[in-house]
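All values reported here derive from a predicted model rather than from experimental measurement.
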Amino acid sequence: MKEEEIPDYNIFMMCERINQDALTDLSPDYYFRNCRPDELELWKAFPFDSDTVPAEYEDFMNQIIKDSYSGKMDTFFKNTLFVCTKEGTPIATCSYWKAYGKINTIHWLKTRKAYEGKGIGRDVLSAIMRRFDSQDYPIYLHTQPGSFRAIKLYSDFGFQLLRGGRLGTRMNELETCLPILKEFMSKKDFEGLEIIDTPDYLIRLLENETTIQF
């Protein structure tokens, strides 16, 4: 299997306590700022490493915005960070969100391919994680096996893979994903992943939700 052929199966992760040693600070070559309302289209295109959203994903991204952020866009822009070059060009992003008004979640961690490998993803995730207080935990996220590099990063911060249990409208497909992660991650990184059972309270909390908010 080639990397671009990895299916978009569902993986869920949970962090009950942050690993402070994983936190880093942004290089002075870049700076943080919030995403602005006039940059929503740019933000929507970030997951595709593009300046515009591919036509086949336009409806999907608009639905995500409607389901998660509609009516609370001011909060969305406040919770969404960009890492920018000195010239002001956004090159990485990450958000946090109170999904369903119930649980704290990490959203949309992404670094432009041209800037990968410089630790910028770790820096922006560090900035987001620093916004949480101890009472805000646990923190959750959804990802896919194709994001195996990000999964290693999340693991460094204290996120654990969740095994079993349907969460809202989506099946947890970790067992299907583990062989893929083993293939694409280094032996050390894969063996460093921690796996725990999905808490029953989380399954019950989301069992009647019909939209995807993380």
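- Enclosure of atom CG in D74 is not indicated, since only 12 or fewer non-hydrogen atoms of other residues, nucleotides or ligands lie within 6.0 angstrom.
- Note: T105 OG1 to Y140 OH = 10.5 Å, rounded to the nearest 0.5 Å.
- With hydrogens and angles left out, the side-chain atoms of T89 and E87 include no donor and acceptor closer than 3.5 Å.
- Atoms CZ and CD1, on F157 and I128 in that order, are 11.0 Å from each other to the nearest 0.5 Å.
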Taking only distance into account, with no hydrogens and no angle test, what donor-acceptor pairs under 3.5 Å do side-chain atoms of residues 190-197 form with protein atoms, sequence neighbours excluded?
residue: E191; atom: OE1; partner: K187; partner atom: NZ; Å: 3.4
residue: E191; atom: OE2; partner: K187; partner atom: NZ; Å: 2.8
residue: E194; atom: OE1; partner: Q160; partner atom: NE2; Å: 2.9
residue: D197; atom: OD1; partner: R163; partner atom: NH1; Å: 2.9

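- For the atom pair I64 CD1 and S70 OG, the distance stands at 13.0 Å (nearest 0.5 Å).
- Under the rule for a side-chain contact (heavy atoms from CB on, under 4.5 Å), the partners of P54 that lie at least two apart in sequence or sit in another chain are F48, E56, Y57.
- Remark: the N79 side chain and the K98 side chain contain no N/O donor-acceptor pair separated by less than 3.5 Å.
- In the hydrophobic clustering of ILVMFWY residues, with side-chain heavy atoms under 4.5 Å counting as a link, F82 and L26 come out apart.
- Qualifying side chain to side chain donor-acceptor pair (under 3.5 Å) partners for W43, counting only residues two or more places apart in sequence or in other chains: none.
- Between F76 and Y69, the two ring planes are tilted [angle within 30° to 60°].
- In this structure, a donor-acceptor pair under 3.5 Å is present between the side chains of S186 and D189.
- Remark: R36 fails to qualify as a cation-pi partner of F77 under the 6.0 Å distance and 45° angle criteria applied to the six-membered ring.
- Put simply, the side chain of N10 gets close to the backbone of M171: a donor and an acceptor are under 3.5 Å apart.
- In this structure, T198 contributes its side chain and G164 its backbone to a donor-acceptor pair below 3.5 Å.
- Applying the salt bridge (Lys or Arg N to Asp or Glu O under 4.0 Å) rule to D133 yields no partners; only residues at least two apart in sequence or on another chain are considered.
- Formation of a donor-acceptor pair under 3.5 Å by the W97 side chain with backbone atoms of S68 is found in this model.
- A salt bridge links D25 with R130: the distance from a Lys NZ or Arg NE/NH1/NH2 to an Asp or Glu carboxylate oxygen falls below 4.0 Å.
- Under the 4.5 Å side-chain heavy-atom criterion for Ile, Leu, Val, Met, Phe, Trp and Tyr, Y9 and L162 are members of distinct hydrophobic clusters.
- In this structure a side-chain-to-backbone donor-acceptor pair under 3.5 Å is missing from N172 to R166.
- A distance of 9.0 Å separates CG in D29 from NZ in K118, rounded to the nearest 0.5 Å.
- The line from CG of L161 to CD of E175 is 10.0 Å long, rounded to the nearest 0.5 Å.
- Remark: R122 CZ to L23 CG distance equals 9.0 Å, nearest 0.5 Å.
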Tell me, with the steps shown, if K152 and D156 meet salt bridge (charged side-chain N to carboxylate O under 4.0 Å, His left out). CA-CA 6 Å; K152 193 273 181 187; D156 288 347; 2.8 Å; yes
Audit row: K44, E58, salt bridge (charged side-chain N to carboxylate O under 4.0 Å, His left out) steps and yes/no: CA-CA 9 Å; K44 284 165 54 179; E58 182 72 33; 2.9 Å; yes
Contacts table for residues 207-214: side-chain donor-acceptor under 3.5 angstrom, sequence neighbours left out:
residue: E209; atom: OE2; partner: K102; partner atom: NZ; Å: 2.7
residue: Q213; atom: OE1; partner: Y100; partner atom: N; Å: 2.7
residue: Q213; atom: NE2; partner: D67; partner atom: O; Å: 3.1

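- Residue C84 forms a side chain to side chain contact (heavy atoms under 4.5 Å, CB included) with just one option from F32, Y31, Y30, and that option is Y31.
- Remark: R17 engages no residue in a salt bridge (Lys or Arg N to Asp or Glu O under 4.0 Å) (not counting sequence neighbours).
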